[in-house]
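Comments concern the structure below.
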Amino acid sequence: MTALTLAGLGKSYDGVETIRGIDLEVTAGEFVVLVGSSGCGKSTVLRMIAGLEDVSAGTIRIGDRDVTYAPAAARGVAMVFQSYALYPHMTVRENLSFGLRNMRVPRAQIAAQVAHAAEVLELGELLDRLPHQLSGGQRQRVAIGRAIVRDPTIFLFDEPLSNLDTDLRVRMRHELARLHKRLGSTMIYVTHDQVEAMTLADRLVVLDGGRISQVGTPLEIYEHPANVFTAGFIGSPRINLLDARVIERRGDEALLEIAGGIRFATPCDGLRAGDRITVGVRPEHLGTDPGSHGIAFPLTVEAVEALGHSTFVYATLDQAGEFRAKLDGHHAVPVPGTLTLYADPRRVLLFDAAGQAISPATR
């Protein structure tokens, strides 16, 4: 197992900066997922770690070695791409051994490493098949096997499951998580799929415009997003972000008013009357029970998705625009119609005028 350190990592194309000062410490054996919207720079960062992209600024260290300018072959990493890229005329066994044969590894060692990869990925019965005789999941396992046989110090995954159908993606996520536990290797994984990111990662690295927006465990980032971007990106359905202002202070509490005249008080330091803020309400934190201190949201329902285990409500909130809710189980919601839902003031998220989270420690 090997650690990875990125210090001030930057990338520019024709003078345009696309990766801006990435600082990241990955401990040995950790599964770290880079997540963000398309164009945020996550694949570029991965390719720089692999040595497939030149570094414009900063350093990359793998273990105790500075590999910033080392060729890809000398870094001891293995990369699995979105495309399986298997040789169609070669059997699974030949695909797995191809890289080692090019490196002129002794035959006995090749056989041992191929056998190990086949055992880990349960490919033993498929070794003599051609790629066209395999399912999508089996092909992806072969692609991962080609990385395993190289016995790399770090595994790099660039959206390896995006070509699979939904059911197969779920199964492959479980297989990757199990693979990480079996190998105990350091893994860096890139995806735009937040469900993939949340279920696989020891830690998430949320990227926005070539910068790190936040680093933390999946639950840390979900429960305590550092800013509006992270709050809006992590969570499905997407969080409701509402403009609000501070009406007055009441001792340790601030009385807030959301567009549409909805008022509620919540413990919070550092805010003064007149301050403009953003209130975040996660759809899954809404319910039909007002409770003792519920914030009431009178909604105009536009669409409903009844899934049995949950009900998604798509509505509008007067003067605040679109509003989303996720209710447990089946609910008979009128479409079109009106519905009042409630949220606990202690569970809403608050962000200042600059979009930065107001720390829960001060609320």
Sidechain-backbone polar pair: [X] side chain, [Y] backbone, donor-acceptor under 3.5 Å:
{"X": "R238", "Y": "F233", "result": "no"}
{"X": "E253", "Y": "R250", "result": "no"}
{"X": "D23", "Y": "G8", "result": "yes"}
{"X": "Q214", "Y": "A226", "result": "yes"}
{"X": "R65", "Y": "R75", "result": "yes"}
{"X": "R20", "Y": "G209", "result": "yes"}

Do [X] and [Y] have side chains that get closer than 4.5 Å, going by heavy atoms?
{"X": "I295", "Y": "P345", "answer": "yes"}
{"X": "R324", "Y": "F312", "answer": "no"}
{"X": "T311", "Y": "E305", "answer": "no"}
{"X": "L307", "Y": "H330", "answer": "no"}
{"X": "L271", "Y": "I358", "answer": "yes"}
{"X": "Q140", "Y": "V80", "answer": "yes"}
{"X": "L161", "Y": "L176", "answer": "yes"}
{"X": "V190", "Y": "F157", "answer": "no"}

Over all heavy atoms of both residues, which pair between [X] and [Y] is shortest? Give the atoms and the distance, please.
{"X": "C268", "Y": "L350", "result": "SG-CD1, 4.1 Å"}
{"X": "T186", "Y": "T153", "result": "CB-O, 4.2 Å"}
{"X": "L327", "Y": "G287", "result": "CD2-CA, 4.2 Å"}
{"X": "A3", "Y": "I154", "result": "O-CD1, 4.2 Å"}
{"X": "E30", "Y": "H180", "result": "C-NE2, 3.9 Å"}
{"X": "P225", "Y": "A357", "result": "O-CB, 3.2 Å"}

Trace of the salt bridge (charged side-chain N to carboxylate O under 4.0 Å, His left out) decision for R169 with D193: CA-CA 11 Å; R169 286 180 76 155; D193 185 324; 3.2 Å; yes

[X] atom [atom1], neighbour heavy-atom count above 12 within 6.0 Å:
{"X": "D243", "atom1": "CG", "answer": "no"}
{"X": "E322", "atom1": "CD", "answer": "no"}
{"X": "H116", "atom1": "NE2", "answer": "no"}

Assess the residue pair R272 and R249 against the criterion (side chain to side chain contact (heavy atoms under 4.5 Å, CB included)); give the C-alpha distance rounded to whole Å, side-chain angles, the decisive distance to 0.1 Å, and a yes or no. CA-CA 7 Å; R272 298 172 298 176; R249 296 290 311 186; 5.7 Å; no

Pairing of [X] and [Y] as salt bridge, 4.0 angstrom limit:
{"X": "K42", "Y": "D158", "value": "no"}
{"X": "R245", "Y": "D275", "value": "no"}
{"X": "E284", "Y": "K326", "value": "no"}
{"X": "E175", "Y": "R173", "value": "no"}
{"X": "R171", "Y": "D167", "value": "yes"}

Do you see a donor-acceptor pair shorter than 3.5 Å between the side chains of [X] and [Y]?
{"X": "S12", "Y": "E17", "result": "no"}
{"X": "Y13", "Y": "E53", "result": "yes"}
{"X": "S310", "Y": "D328", "result": "no"}
{"X": "Y189", "Y": "E196", "result": "yes"}
{"X": "N227", "Y": "S213", "result": "yes"}

Candidate pair F297 and N240, rule side chain to side chain contact (heavy atoms under 4.5 Å, CB included), full reasoning: CA-CA 12 Å; F297 293 96; N240 299 294; over 6 Å; no

Between atom [atom1] of [X] and atom [atom2] of [Y], what is the distance when rounded to the nearest 0.5 Å?
{"X": "L134", "Y": "N95", "atom1": "CG", "atom2": "CG", "value": "9.0 Å"}
{"X": "R129", "Y": "L123", "atom1": "CZ", "atom2": "CG", "value": "10.5 Å"}
{"X": "L255", "Y": "E257", "atom1": "CG", "atom2": "CD", "value": "8.0 Å"}
{"X": "T18", "Y": "R211", "atom1": "OG1", "atom2": "CZ", "value": "11.0 Å"}
{"X": "Q133", "Y": "L130", "atom1": "CD", "atom2": "CG", "value": "5.0 Å"}
{"X": "H192", "Y": "S38", "atom1": "NE2", "atom2": "OG", "value": "6.5 Å"}

Indicate if [X] and [Y] have the same hydrophobic cluster label, given that clusters are the connected sets of ILVMFWY residues with side-chain heavy-atom separations under 4.5 angstrom.
{"X": "F155", "Y": "V67", "result": "no"}
{"X": "Y342", "Y": "V348", "result": "no"}
{"X": "V205", "Y": "I60", "result": "yes"}
{"X": "F81", "Y": "Y84", "result": "no"}
{"X": "V281", "Y": "L317", "result": "yes"}

V26 vs I188, test: side chain to side chain contact (heavy atoms under 4.5 Å, CB included). Steps then yes/no. CA-CA 9 Å; V26 179; I188 315 295; 3.9 Å; yes

Can you tell which of L4, V45, T5, L6 makes a side-chain contact (heavy atoms from CB on, under 4.5 Å) with L24?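 Single side-chain contact (heavy atoms from CB on, under 4.5 Å) partner of L24 among L4, V45, T5, L6: L6.
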
Can the ring centres of F98 and Y87 be said to be less than 6.0 Å apart?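 That pair passes the under 6.0 Å test.
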
Apply side chain to side chain contact (heavy atoms under 4.5 Å, CB included) to residues L242 and F323 and explain how you reach the verdict. CA-CA 9 Å; L242 310 168; F323 199 87; 4.0 Å; yes

Could you give the side-chain donor-acceptor pairs of residues 99-109 under 3.5 Å, partners two or more places apart or in another chain?
residue : atom : partner : partner atom : Å
R101    : NE   : S97     : OG           : 3.1
R101    : NH2  : E94     : O            : 3.1
Q109    : NE2  : Q113    : OE1          : 2.8

